[in-house]
There are 2 protein chains.
Amino acid sequence: MLSKKTKYGLKALTFLASQKGRQPVQISEIAKQENISRKFLESILLTLRKSGILGSKKGKGGGYYLIKEPKDIPMTVVMRVLEGPIAMVPCVSLNFYEKCDDCPDEASCSVHMLMLQVRDSALEVYKNNTLADLVP
Amino acid sequence: MLSKKTKYGLKALTFLASQKGRQPVQISEIAKQENISRKFLESILLTLRKSGILGSKKGKGGGYYLIKEPKDIPMTVVMRVLEGPIAMVPCVSLNFYEKCDDCPDEASCSVHMLMLQVRDSALEVYKNNTLADLVP
DNA sequence: TTATTATCCTATCGATTTAATAGAGTAAGC
DNA sequence: GCTTACTCTATTAAATCGATAGGATAATAA
């Protein structure tokens with residue numbers, strides 16, 4: 001299940017991408033337009049900034065803005081920042097790999113085999129979409 | 001993230017599918033072979049039985065067994081029973097659809113659009129795999 | 001310099017879910 | 001009728017999630 005954090009983050013990013021210019025937009029403005037709890041959104045935008053997707057400006061006229069053009073922001077990056085690993089099990093994760101402690105042999109593990117395919121198919125989708133593709 | 005319930009369930013099913021005959025196998029036997037908590041596995045096998053994937057026999061010589069041939073058990077069915085919806089958001093779920101209360105228009109929702117693709121790609125994988133494909 | 005604005009950051013909290021465990025009940029076989 | 005092994009309900013500890021509160025910090029404008 002997609003977390004609300006990811007859902008809200010995607011909506012916020014799409015909103016920013018749909019803006020005319022690249023002027024900073026206030027948290028409150030985004031929260032209002034997208035029906036998101038202001039405070040919760042605040043923490044989400046913060047992680048997006050720390051990961052280098054968003055920039056921010058303090059004080060009057062401040063807010064958040066996209067650092068790059070939407071078409072240059074692949075969904076793989078966004079999803080990993082917001083939701084974490086794309087893989088459903090750590091043992092098939094490219095960026096967050098971890099060995100299963102209960103599984104003696106990865107190569108002959110049925111779960112591993114199946115989840116590898118699922119990961120690849122999801123990855124394919126995220127690779128083929130940039131933030132620009134999410135703007136209606 | 002895949003729940004342990006699903007992971008253990010898949011391992012148990014694969015184990016049953018790899019058996020020579022279709023004789024009942026005891027919970028303890030499966031738990032031991034696959035490194036799963038016996039009691040936890042018990043509840044998982046119970047839901048698999050209730051959903052019509054497994055059969056069971058009580059008393060001496062009892063245990064769990066596959067009702068159908070592994071090749072006739074699609075992963076779509078197994079995953080929905082164990083993990084629930086294949087979709088990551090209820091608003092793109094085929095079998096567990098629910099409207100988002102925060103989203104005014106589904107058709108123009110970026111999350112909806114993206115998650116539809118992810119659901120389709122995952123579905124494709126599950127459709128192309130039966131339990132037989134999971135046996136090494 | 002001071003007031004205002006808006007992000008930054010940490011801490012907390014309630015609710016839900018997850019993984020695991022315990023124990024009494026029930027049915028099948030010998 | 002005794003043993004075996006599934007059936008079912010209930011409980012629990014831990015983790016995660018979504019949300020909220022409040023003060024710190026920095027930028028702008030007067």
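Labels below follow one simple rule: chain letters A, B, ... track the order of the sequence lines, proteins then strands, and each chain is numbered from 1.
Rounding to the nearest 0.5 Å places SG of Cys103(B) at 8.5 Å from CD of Glu34(A). Once rounded to the nearest 0.5 Å, the distance linking NZ of Lys32(B) with CG of Leu41(B) reads 14.5 Å.
Counting only heavy atoms from C-beta on, Tyr64(A) has its side chain closest to dC8(C) among dC8(C), dC8(D), dA27(C). Nearest to the side-chain atoms of Lys60(A) among the listed nucleotides dA29(D), dT7(D), dT20(D) stands dA29(D). Of the listed nucleotides (dG23(D), dT7(C), dA5(D)), dT7(C) has the atom at the smallest distance from the side chain of Gln26(A). Closest contact between the side chain of Lys4(B) and the listed nucleotides dA20(C), dC8(D), dA27(D) involves dA20(C). Here the nucleotide nearest the side chain of Ser37(B), chosen from dT20(D), dT7(C), dA20(C), is dA20(C).
What separates NZ of Lys7(B) from C1' of dT18(C) is a distance of 14 Å, to the nearest Å. Atom CG in Leu82(A) sits roughly 15 Å away from atom C1' in dC17(D) (whole-Å rounding). For the pair Ile30(B) CD1 and dA5(D) C1', the computed distance is 12 Å after rounding to whole Å.
Checking side-chain atoms of Arg49(A) against main-chain N and O of Ser56(A) turns up no donor-acceptor pair under 3.5 Å. Looking only at distances, no side-chain donor or acceptor of Asp120(A) sits under 3.5 Å from a matching main-chain atom of Gln117(A).
Within 4.0 Å (heavy atoms only), Leu45(B) reaches no atom of the nucleic acid at all.
Put simply, the side chain of Glu42(A) and the base of dC8(C) share a donor and an acceptor less than 3.5 Å apart.
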